[in-house]
Amino acid sequence: MKKIALLLSCCLLGIHAICQNIQASIAIIPEPVQLVQNAGTFVLPKNISIELPGLPELKQTANFLQQRLTMATGNTVSISNQNSAAVIKLVLNKTANQIIANEGYQLTVTTSNIIITANQPAGLFYGVQTLLQLFPAAIESNVAVQQVQWQTPCVSITDYPRFGWRGLMLDVSRRFFTKKEVKDFIDLMARYKFNLFHWHLTDDQGWRIEIKSYPNLTKKGAWSADKTGYFGTFSEPLPTEPRTYGGFYTQEDIKEVVLYAKERFVNILPEIDVPGHSLAAVASYPELSCTTGADKYEVGSGENFMDWSHGHPPIALKDNTLCPANEKVYVFLDKVMTEVAALFPFEYIHVGGDECPKNYWEKSDAINALMKKESLKTMMEVQAYFEKRLEKIVENKGKKFMGWDEILEGGLAPNAAVMSWRGELGGIQAAKLKHDVVMSPSTFAYVDYMQGDQIIEPRVYATLRLNKTYMFDPVPAGVDAKYIKGGQANMWSEQLPSVRHMQYMMWPRGFAIAECVWSPKEKKNWNGFVTKVEQHFKRFDIQEVKYAPSMYDPEFIAKNSNGQLLIELKNEVEGLDTHYSFDNSFPDRFYPKYTAALAPPKDAVMLKVITYRGNQPIGRMIAMPIDEMKKRAGIKK
Ligand code: ACM
């Protein structure tokens, strides 16, 4: 009550800053469609009674709610499917509310109880996720926390997603993630209302799914040499080098993960990436290649075998493709798709299709003969021929066909859905052709890119800061929204040396993507989002999930002003001060504060910067060599 009295009086007096502070205590990610804060708070009693429908689909929702409330509070929790006096009620109300549809919910918290209603079990699950975000951050603790007032503000929330496809992709080929790590990934994504896990199961550096009719795929294809450093620059493994890095999921593992995801209302989209990105398959079954000598190939270990200097498609130095002119390839794909389709209940299978080099095909007599026979004029048409045959195979297994936007080249297969990654263009073209589209443009949604300057971040070939990620809109201008199924972020794993670093790369950009695919566009608000992210950092600290603090570090912009270097520093988070030194010592808030572009003193060798919020350091100490700035500005030393 005290808070509400303060809220009313401060709003009446027009003291917006205080009002905002109170509002800031509600930090739901993704932002709900409608949230009204009412007077008062609900305080959890010592004995917490929950009523929910006794459906098998809700077992995990009930377990999750019970676990969080008992572990963190130490209180007792009882669950039953009939208890009119329960303080928390989950109600399935299948006809009442059309607007919340299949995944939406209404959540009402009053001083006496909490009621979540939804049309479907998924809505109740999402209502529970929101409810937990209303409690203090300590609710994330796995041990009882003392001296916390376990309360939530009174609210009325109506919420439902903007898109039905809210995805995160994980590449388990370049880095193998264990079954437990995959489950943890799914756990966390579900808490932010993602509903699609895109499992990139095969690539040049490892085939990760057991296929019983082709055992070599995992006997040989799942193992590479263990290397440390920068992927793509590793030395070619010696013939004697042990191939001990890797792993794969047995079909029993896959079934377990599919069930685990289903209990969290997450579908799994399997990806079998062909005809390119197939070195692991070719090394296991060289007869699938057009190239003689493929029997000498080994699974990739992060050595470079692709020349990108001419752009798309790349020129391969080893033929990592399946041969479209070889009937054995279609027998192989038929058997693989039979097993994949039986394991994954989701309606789509993703077949890759990206970055397929054509230079070996150009030299192949078999491809030449195929081109004559099928009147194919270009290598793009050869790939399109392959994709169309593969679409038929996939459809024969009762599944829908999806690929990366390269499948547009040479003519799209009749029913194909396109996942747009090379910017938005492929998605725009496919939607104009009336094909379904999922947007995951690298420009907004490639969460393997660096989040800040490469002087401090582990190096990747591109940068995508949090504020740019937050600008992602899955519906590009001029496109009919009915063809856009939704959006997703992609976590490629070439530069992920560990699961901890994968978490660092995923969060907080995962929060931004969650909001872009769930919340109404007009509800997005960068400053409000940053405030919420900081609240969720506290939750991640308690859960010991790693995240990147890069949003607190400035962007360095090097300019050439008539041969003179000027350095601009830009913060993406408002209200931070950046302090700097040119004298090699570590700046703190008693050092000069950045206000305008800096011209380094003549003999300076290093710019050191750190951001503060008030009198607290918040960014990392960054040392930027002046020579590096000169190089970026195109100024000779
Ligand atoms: C991709 O990033 N090659 C789809």
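Whatever order the structure lists ligands and atoms in, that order sets their numbers, starting from 1.
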Check your understanding: What is the distance from atom NZ of K212 to atom CD of Q251, rounded to the nearest 0.5 Å?
Key -> 4.5 Å
Check your understanding: Who gets closest to atom 3 (N) of ligand 1 by heavy atom: D448, D273, N490, D354?
Key -> D354
Review point. What is the minimum heavy-atom distance between T443 and G423, and which atoms define it?
Key: OG1-CA, 4.0 Å
Point to revise | Close N or O approach (E355, ligand 1; < 3.5 Å) | key: yes
Review point. For ligand 1, which atoms sit closer than 4.0 Å to a heavy atom of W492?
Key: 1 (C), 2 (O), 4 (C)
Exercise for review: Could you check H312, H200, H198 and say which one makes a ring pair (Phe, Tyr, Trp, His ring centres under 6.0 Å) with W404?
Suggested key: H198
**Study point:** Atoms of ligand 1, numbered as shown, that sit under 4.0 Å from any heavy atom of Y446
**Key:** 1 (C), 2 (O), 4 (C)
Practice item. Tell me, with the steps shown, if W421 and F444 meet ring pair (Phe, Tyr, Trp, His ring centres under 6.0 Å). Key: CA-CA 10 Å; W421 75 277; F444 295 100; over 10 Å; no
